[in-house]
Amino acid sequence: MGVQLWFHANGVDESKVTVPYKLQSKGLGNSQVLPRNYTKQSEIEIVLKEIAEQVAIRLRRIDKDACVVSIYIGFSHNDDHKSINASKKIKPTHHTEDLIKHVIDLFRCKFNGGSVRRIGVRYEQLQKREYQVFSLFDDPIEMQKKENLENAIDGIRDKFGYLAIQKGTSLMEGSRVRQRSKLIGGHCGGMDGTK
């Protein structure tokens with residue numbers, strides 16, 4: 001252990017740079033620290049929806065479906081609530097509307113009030129979109145319309161920027177998407193869905 005500590009202290013790294021690094025992560029996510037304490041459930045849900053949408057865009061870019069939705073809710077230091085770490089298994093999807101619904105359902109099930117300061121959304125157990133499974137209750141025509149609409153919105157945002165098409169909630173108090181889309185570099189925290 002002493003030799004390893006000496007190597008770290010002196011900047012010695014014997015790893016082979018010719019061996020490609022394999023990403024260990026099996027999911028995509030985003031989180032943010034809020035500029036103030038959010039106490040209204042409606043404001044917290046606006047931010048959750050914005051993050052869920054941004055991660056859904058990233059999910060579609062890599063052509064994957066998520067099988068698990070996870071949320072993280074961190075409370076203010078002045079609040080004596082325990083942080084919420086919750087996840088649930090879902091039918092594989094990459095559709096924004098479906099993922100947002102699961103995120104909000106999970107949040108409403110676990111949240112009992114408090115001053116929220118940190119929020120995160122993560123999609124895990126990603127699988128390649130090689131085929132699509134329909135249930136008896138799914139309408140394939142409606143699903144194709146939804147797919148076409150999301151592709152069109154993603155295309156417009158890729159060409160003209162994320163703010164070219166916004167939801168009306170982005171103008172409401174508590175929304176963070178407009179402010180975060182103006183941040184530079186790593187300060188926007190995985191916001192490649194907003195480029």
Side-chain angles (χ1 to χ4, degrees), residues 21 23-62 64 66-90 93-126 153-154 157-158 161-195:
Y21 174 74
L23 187 64
Q24 300 298 316
S25 175
K26 300 280 194 265
L28 288 175
N30 197 356
S31 64
Q32 60 182 280
V33 177
L34 302 172
R36 62 177 170 80
N37 291 341
Y38 278 47
T39 55
K40 294 181 184 173
Q41 184 169 340
S42 60
E43 287 184 345
I44 299 165
E45 288 184 7
I46 288 171
V47 178
L48 274 170
K49 289 175 184 178
E50 291 171 353
I51 297 172
E53 181 176 14
Q54 291 159 6
V55 183
I57 291 169
R58 292 170 55 205
L59 194 62
R60 285 193 296 277
R61 283 186 180 159
I62 62 169
K64 301 268 183 163
C67 297
V68 173
V69 170
S70 302
I71 63 168
Y72 169 77
I73 306 294
F75 294 93
S76 169
H77 294 287
N78 303 331
D79 208 315
D80 46 332
H81 284 83
K82 284 185 73 173
S83 296
I84 298 171
N85 276 307
S87 61
K88 74 175 191 176
K89 195 154 181 64
I90 62 169
T93 186
H94 66 274
H95 295 295
T96 300
E97 184 182 307
D98 298 339
L99 292 167
I100 287 174
K101 180 187 176 303
H102 291 300
V103 165
I104 296 302
D105 287 348
L106 190 56
F107 171 72
R108 288 178 179 167
C109 178
K110 300 293 181 181
F111 184 70
N112 291 321
S115 301
V116 174
R117 198 58 188 252
R118 295 174 307 280
I119 295 179
V121 173
R122 184 165 177 80
Y123 304 142
E124 300 176 77
Q125 292 185 11
L126 306 183
I153 290 171
D154 290 347
R157 285 178 170 164
D158 287 343
Y162 184 80
L163 297 179
I165 296 179
Q166 298 180 56
K167 289 189 163 58
T169 56
S170 67
L171 301 173
M172 295 178 71
E173 187 177 342
S175 173
R176 298 286 305 139
V177 75
R178 290 181 298 144
Q179 293 86 353
R180 286 180 51 84
S181 68
K182 296 174 188 168
L183 296 176
I184 299 170
H187 296 285
C188 50
M191 293 286 287
D192 58 342
T194 63
K195 287 184 184 170

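Every value quoted in this text rests on a predicted model; they were computed, and no experiment measured them.
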TODO: Show your working on side chain to side chain contact (heavy atoms under 4.5 Å, CB included) between His102 and Leu106 and close with a plain yes or no.
DONE: CA-CA 6 Å; His102 291 300; Leu106 190 56; over 6 Å; no

TODO: For the residue pair Lys49 and Ile104, establish whether any side-chain heavy-atom pair is separated by less than 4.5 Å.
DONE: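 Yes. Closest side-chain heavy atoms under 4.5 Å.
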
Task: Lys110 and Ile73, any side-chain heavy atoms less than 4.5 Å apart - done: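 Of all side-chain heavy-atom pairs linking Lys110 with Ile73, none is under 4.5 Å.
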
So how far is it from [X] [atom1] to [Y] [atom2], rounded to the nearest 0.5 Å?
X: Glu53; Y: Arg157; atom1: CD; atom2: CZ; answer: 4.5 Å
X: Tyr162; Y: Ile153; atom1: OH; atom2: CD1; answer: 10.0 Å
X: Lys101; Y: His95; atom1: NZ; atom2: NE2; answer: 14.5 Å
X: Ile51; Y: Tyr72; atom1: CD1; atom2: OH; answer: 12.0 Å
X: Leu99; Y: Thr93; atom1: CG; atom2: OG1; answer: 5.0 Å
X: Ser31; Y: Ile119; atom1: OG; atom2: CD1; answer: 10.0 Å

Main chain of [Y], side chain of [X]: is a donor-acceptor contact present, judged purely on distance under 3.5 Å?
X: Arg117; Y: Leu34; value: yes
X: Arg61; Y: Ala56; value: no
X: Asp79; Y: Ser115; value: yes

Task: Criterion side chain to side chain contact (heavy atoms under 4.5 Å, CB included) on Lys88 and Asp105, from CA distance to verdict - done: CA-CA 10 Å; Lys88 74 175 191 176; Asp105 287 348; 4.0 Å; yes

TODO: Please test Arg58 against Asn30 for side chain to side chain contact (heavy atoms under 4.5 Å, CB included), starting from the C-alpha separation and ending with a verdict.
DONE: CA-CA 10 Å; Arg58 292 170 55 205; Asn30 197 356; 4.2 Å; yes

Task: Tyr38: partners by ring-ring contact (aromatic ring centres under 6.0 Å, His included), with sequence neighbours left out - done: none

Nearest heavy-atom pair of [X] and [Y]: which atoms, and what distance?
X: Arg118; Y: Ser83; answer: NH2-OG, 4.3 Å
X: Tyr123; Y: Ala66; answer: CB-CB, 3.6 Å
X: Gly120; Y: Leu48; answer: O-CD2, 4.5 Å
X: Phe111; Y: Ile84; answer: CA-CD1, 4.0 Å

Open item on the list: Is it true that, when you exclude Lys40 itself, more than 12 heavy atoms of the residues, nucleotides or ligands shown sit nearer than 6.0 Å to its NZ?
Closed with: no

Task: Exceeds 12 heavy-atom contacts within 6.0 angstrom, atom CD of Gln41 - done: yes

TODO: Using distance alone, with no hydrogens and no angle criterion, decide if Thr96 and Arg60 have a side-chain donor and acceptor under 3.5 Å apart.
DONE: yes

Open item on the list: Can a side-chain donor-acceptor contact be found between Ser70 and Glu124 if the only test is distance below 3.5 angstrom?
Closed with: yes

- [ ] Could you check Arg122 against Ser87 for side chain to side chain contact (heavy atoms under 4.5 Å, CB included), going step by step and ending with a plain yes or no?
- [x] CA-CA 9 Å; Arg122 184 165 177 80; Ser87 61; over 6 Å; no

